[in-house]
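Step one of this worksheet: look at the structure below.
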Amino acid sequence: PYTSYCRPVDVVLNGEYRGCYQLCDQIEVNKNRVNIAEMTPSDIQIPELGGGYLIEIDSYAWGEKSYFVSKRGIPVTIKSPDEDDIVAEQTKYITDYFNAMETAIFSENYADEENGYRKYLDLDSFLKYFMLEELCGNPDIFWSVYMTKNRYMNKFVVGPVWDFDIAF
């Protein structure tokens with residue numbers, strides 16, 4: 001539904017060429033970008049507590065203010081709700097939900113359609129994401145992965161895609 005606009009930019013600083021960089025729109029919750037419910041600090045009961053979350057599996061999460069590390073050691077940054085607005089109940093909810101997905105993925109019944117990973121992960125978005133990243137030869141494929149969990153939806157949707165600076 002949304003892919004950030006990017007373009008290559010040649011950078012010259014003080015008359016010296018510094019290289020070609022990729023300049024992209026910021027990924028953020030907005031009706032014209034990542035179109036999910038925007039949460040407020042008062043959203044602490046279901047169904048409002050159920051979303052919209054924008055998270056990033058992020059190898060640099062430790063440098064962020066709002067992040068968690070899953071039970072299996074995956075660093076995850078919470079991009080929305082914003083780090084200044086998120087409350088403890090929201091952090092706990094999304095951390096627990098991510099851990100439940102992770103537990104289902106590594107369970108003996110991972111393939112069970114009702115209680116395995118499909119209960120938590122939108123398979124269609126994951127497969128499209130994975131195929132695109134593989135096609136592009138992107139070594140950042142699981143270094144930085146955005147996912148959303150919208151209100152009234154029980155699954156993480158993978159995307160939007162981004163970070164193709166060292167792809168192809």
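Bear in mind the structure is a predicted one, so any value in this text is a computation, not a measurement.
In terms of heavy-atom proximity, Tyr129 sits nearest to Ile141 at OH-O, 3.1 Å. Across Tyr152 and Pro47, no two heavy atoms sit closer than the pair CE2-CB, 3.4 Å. Of all heavy-atom pairs spanning Asn138 and Asp163, the tightest one is ND2-O, 3.0 Å. When all heavy atoms of Ser59 and Pro75 are compared, the pair lying nearest together is CA-CG, 4.2 Å.
At least one side-chain heavy atom of Val87 sits under 4.5 Å from a side-chain heavy atom of Gln90. Between Val9 and Arg7 there is a side-chain heavy-atom pair separated by less than 4.5 Å. Counting only heavy atoms from C-beta outward, the side chains of Pro8 and Tyr21 never approach each other to under 4.5 Å. The shortest side-chain heavy-atom distance between Pro160 and Ile27 falls under the 4.5 Å cut-off. A heavy-atom distance below 4.5 Å is not found between the side chains of Cys20 and Val11. Side chains of Gln22 and Cys24 form a contact here, defined as non-hydrogen atoms less than 4.5 Å apart.
The pair Arg72-Glu102 does not count as a salt bridge, with every side-chain nitrogen at least 4.0 angstrom from each carboxylate oxygen.
Atom NZ of Lys65 is separated from atom CG of Asp82 by 8.5 Å, given to the nearest 0.5 angstrom. Between atom CD1 of residue Ile94 and atom OH of residue Tyr53 there is a gap of 6.0 Å, rounded to the nearest 0.5 Å. Between atom CD of residue Glu56 and atom OG1 of residue Thr77 there is a gap of 5.5 Å, rounded to the nearest 0.5 Å. In this structure, Thr3 OG1 and Leu132 CG are separated by 8.0 Å, a value rounded to the nearest 0.5 Å. Distance check, rounded to the nearest 0.5 Å: OG1 of Thr40 to CD1 of Ile86 gives 12.0 Å. To the nearest 0.5 Å, the span separating CD on Glu83 from OG1 on Thr91 amounts to 11.0 Å.
Tyr117 and Phe106 have their aromatic ring centers separated by at least 6.0 angstrom.
Ser107 places a side-chain N or O within 3.5 Å of a backbone atom of Ala104 that can act as its donor or acceptor partner. Under a 3.5 Å cut-off, the side chain of Asn99 and the backbone N or O of Lys71 do form a donor-acceptor pair.
A single hydrophobic cluster is not seen to contain both Ile57 and Met131; linkage of ILVMFWY side chains at heavy-atom distances under 4.5 Å, directly or through other members, places them apart. Val157 and Val161 are members of different hydrophobic clusters when ILVMFWY side chains are connected at heavy-atom separations under 4.5 Å. Cluster annotation: Ile55 and Tyr2 are assigned to distinct hydrophobic clusters (Ile/Leu/Val/Met/Phe/Trp/Tyr, side-chain heavy-atom contacts under 4.5 Å, transitive). A continuous path of hydrophobic side-chain contacts links Met147 to Tyr93 [ILVMFWY only; heavy atoms under 4.5 Å]. Under a hydrophobic clustering in which Ile, Leu, Val, Met, Phe, Trp and Tyr are joined whenever their side-chain heavy atoms come within less than 4.5 Å, directly or via other members, Met39 and Met153 fall into different clusters.
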> Checking salt bridge (Lys or Arg N to Asp or Glu O under 4.0 Å) for the pair Lys119/Asp112: CA distance, chi angles, key distance, verdict?
Replying inline: CA-CA 9 Å; Lys119 179 178 180 178; Asp112 183 280; over 6 Å; no
> Where do Ser4 and Gln26 land on the side chain to side chain donor-acceptor pair (under 3.5 Å) test, with the steps shown first?
Replying inline: CA-CA 7 Å; Ser4 60; Gln26 181 172 331; over 6 Å; no
> Are Arg151 and Asp43 close enough, and set up right, to give a salt bridge (Lys or Arg N to Asp or Glu O under 4.0 Å), and what steps lead you there?
Replying inline: CA-CA 11 Å; Arg151 195 169 293 164; Asp43 294 335; 3.2 Å; yes
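Taking the six-membered ring for Trp and thresholds of 30 and 60 degrees, Tyr60 and Trp143 have ring planes more than 60 degrees apart, a perpendicular arrangement.
Annotation for Phe142: atom CZ counts as buried by contact number, over 12 foreign heavy atoms lying within 6.0 Å.
For the side chain to side chain contact (heavy atoms under 4.5 Å, CB included) with Lys79, the qualifying choice from Thr148, Leu54, Val29 is Leu54, the only one to do so. Each of Phe126, Tyr97, Phe156 was evaluated against Tyr120; a single residue qualifies, Tyr97, per the ring-ring contact (aromatic ring centres under 6.0 Å, His included) test.
Inspection of the Ser80 and Glu28 side chains reveals no N or O donor paired with an N or O acceptor under 3.5 Å.
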